[in-house]
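Structure first, then comments.
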Amino acid sequence: MVTLAPKRHAETDLPPPKPVNPLLRLWRVYVVRRIVYALFVIWLVTSGTFFMVRAMPGDPIEVIAGRLSQQGMNIDQAREQARQVLPYDPDANIFSQYFQYFGNLATGDFGWTISQRDTTVLEQIMKYLPWTLFSVGLGVVVAISIGMTVGMIMAYKRGGWFDHVATQIASTVSAIPNYLGAMAIVLIGSTWLGLFDFWDMRGRLTEGVEPGFNAVFIGDALYHVVLPVITYAFTLTGAWALMMKAATTEVLSEDYITIAKARGLKERRVGTRYVGRNSVLPMMPTMAFQVGTLVGGAIVVEEILSYPGVGQLLVKSISLRDYPVIQAVVLILTCAVVFSNLVVDLLNGWLDPRIRSGEATEATK
Amino acid sequence: MTAVGTTTPPEAAAPLRTRTVVWRGLTRSPSGFVGGVIVLLVMGFAFLGPLLIDTTNPSNSDLIWTGPSSEHILGTDGQGKDSFLTLVAGGAEPLWVGILAASIAVVVATVLGSIAGFVRGKLDTFFLQLTDITMTIPSIVLMLVLTAMFRSITPTAIAVIIGLTTWAPLMRSVRAQVLSLRQREFVEAARLQNIPVRTVIFAEVLPNMAGYIFVNFILAINNAIYALVGMYLLGLLPSTADNWGLMIQESWKSGAFKLPEAIPYIAAPLALIILFQIGLITMGRSLEQALNPRLRER
């Protein structure tokens, strides 16, 4: 149905506000609303994962039993033993399993892994996650710093040869999927031209190098992270440069820049305080979103470059039906996205009060 | 999709036909033209190639991993099959899945986005939260788990999974576009005539966005192929017919990529997929510029 009378007019002559329930008043606080919503999303995704992994065909008992029977055990015996090794009761009602899982999660207990005996999920994740954060983080930092600089130069020298060449290169490179870029780098650099030895660079550390705060360890870790970092940087820099160019161009055409220049402000001051700040701020949501999603996007790259990060752990766990690990990895990836979005939203809400009152969608369009 | 409807750039008075926009986007800028040609060439190679060239490809144990020769222009693979013939036969499936997945994503995004943006209110809030949640779930993870649930999965089912996990960002841009369109006089006029909302959305608002949706469709193919090939590389999809994704995955898994003779076998599908992606992106960007006069001026 179409409502003919515009609703808007009614809002201006509302009756005086009635006293509201304190809980409701708390709900009206933007920050509270946003945090509750983030927690709700995390709960929803975690529950969804819980039931989804259990709907997958093949279960952990078969995986463990298969491993045991390969060691020469009778298959029925192996199944029986697998049941006992399993860190949870596979015959329990799925809902009681679900409540137990959440009860444990609330105390920060992710449970035990299935595929590796005597390892907690948390231990397992701590063995992989730092490496992903290290490689992805380094790649993003390189991409953002190069991309933003190039993008700003492109916007200032708009229409010049540098702009044309850089735009072409940036849009071409940003179209290449990161894992295919990684393959191309290895194929061309290692197999064809022999510039580096991919086989030697696989993994996260050379055998025998002990983690510790010393030059050998740091050097070796950097040596092994070079290919993933180049891959992430290579495929992200172009997009960043283009985004920065668009944002800067937008700002440069604003009246306040013309006025600032007319006021005779120094070029440098206009560049940093007026142009720089105003073009970087609108890109913060993209930045946070990218950091949050990139860990998920690293899965294929880590598999291709055999860099043992959280992506490789996830793929391995899916094939081994290691439910607790899958759940924990998905939970962590989801939290990464949710919290980065939350931070951005709160930051934006602080910068732009229109968002807090829920007018954002109309006000910004 | 291209033939029907008109499109109105945000600030222009005279509506442009979608066909005009596509034509303009592809002919006015050299990069858009090159992009379009690349896309057509790769699609022609993948879809027409198998019809024109006989792809019967016997394995030959005497010819395992040989380099390019006059008889086998891209050399042979690990089973002694001709690499070029595998390449010809292997393109149709990934491209078809990508296009189908993109169509599904675009349809879901357009329907939900236009309803949300037009009707507003509670429905809008609900759809927006649905997109928020869908965008939050790492889509590649969801795809991994979903594909692992099916032992033998058909290409169509893969397309459905990809389509249903990638519509969310698209829905947001469609909604934003509808939000600005619904303020226009012609929509106001249609509403005053008491035309049902459904008709207003699908007959008045959407035709005005045809060009915009087409651009998004092109970019969605890109995302779908990105996801699809990724799943192939993780070894999650069944290895049945000849397929570019499988060619790359098998040779990578078996370590054949360190053989200089195997380079053409891996590089050829890799290059075609990358070329196709680049073509799509440049084409999409040029169309976007043709649609948006503000971008064009710059």
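Chain identifiers are assigned alphabetically (A, B, ...) following the order of the sequence lines, protein sequences preceding nucleic acid strands; residue numbering begins at 1 within each chain.
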### Query
Hey, are the side chains of B:Leu234 and A:Ile318 touching, using non-hydrogen atoms and a 4.5 Å cut-off?
no

### Query
More than 12 heavy atoms of other residues, nucleotides or ligands under 6.0 Å from CZ of A:Phe51: is that the case?
yes

### Message
Taking the side chain as everything from C-beta on, heavy atoms only, tell me whether B:Tyr226 gets closer than 4.5 Å to A:Asn178.
### Response
yes

### Message
Please give me the minimum heavy-atom distance between B:Ile281 and A:Ala175, naming the atom from each residue.
### Response
CG1-CB, 3.4 Å

### Message
Can you confirm whether A:Lys157 is buried at NZ, in the sense that more than 12 heavy atoms of other residues, nucleotides or ligands lie under 6.0 Å from that atom?
### Response
no

### Task
State, to 0.1 Å, how close B:Thr282 and A:Ser171 come at their nearest heavy-atom pair, and which atoms those are.
CG2-OG, 4.5 Å

### Message
Less than 4.5 Å to any heavy atom of chain B: does that hold for the side chain of A:Ser174, its backbone, both, or neither?
### Response
side chain

### Query
What part of A:Ile304 lies closer than 4.5 angstrom to a heavy atom of chain B: side chain, backbone, both or neither?
both

### Query
So, do A:Leu242 and B:Arg285 sit near enough that their side-chain heavy atoms are less than 4.5 Å apart?
yes

### Message
Heavy-atom pairs under 4.5 Å with chain B - which of A:Val173, A:Ile176, A:Val329, A:Ile42 has more of them than the others?
### Response
A:Ile176

### Summary
Honestly, the part of A:Val301 sitting under 4.5 Å from a heavy atom of chain B is neither

### Query
Using non-hydrogen atoms only, which part of A:Leu331 is less than 4.5 Å away from chain B: side chain, backbone, both, or neither?
neither

### Choice from A:Thr49, A:Val315, A:Val186, A:Ile188 maximising heavy atom contacts with chain B below 4.5 Å
A:Val186

### Summary
Bottom line for B:Ile225: the part with an atom under 4.5 Å from chain A's heavy atoms is backbone

### Message
Are the side chains of B:Gln249 and A:Glu303 in contact, using a 4.5 Å heavy-atom criterion?
### Response
no

#### Entry: Euclidean distance, A:Thr172 OG1 relative to B:Ile274 CD1, rounded to 0.5 Å
11.5 Å

### Query
Under the side chain to side chain contact (heavy atoms under 4.5 Å, CB included) criterion, do B:Leu233 and A:Leu180 qualify, and how do the steps go?
CA-CA 10 Å; B:Leu233 294 187; A:Leu180 296 185; 4.3 Å; yes

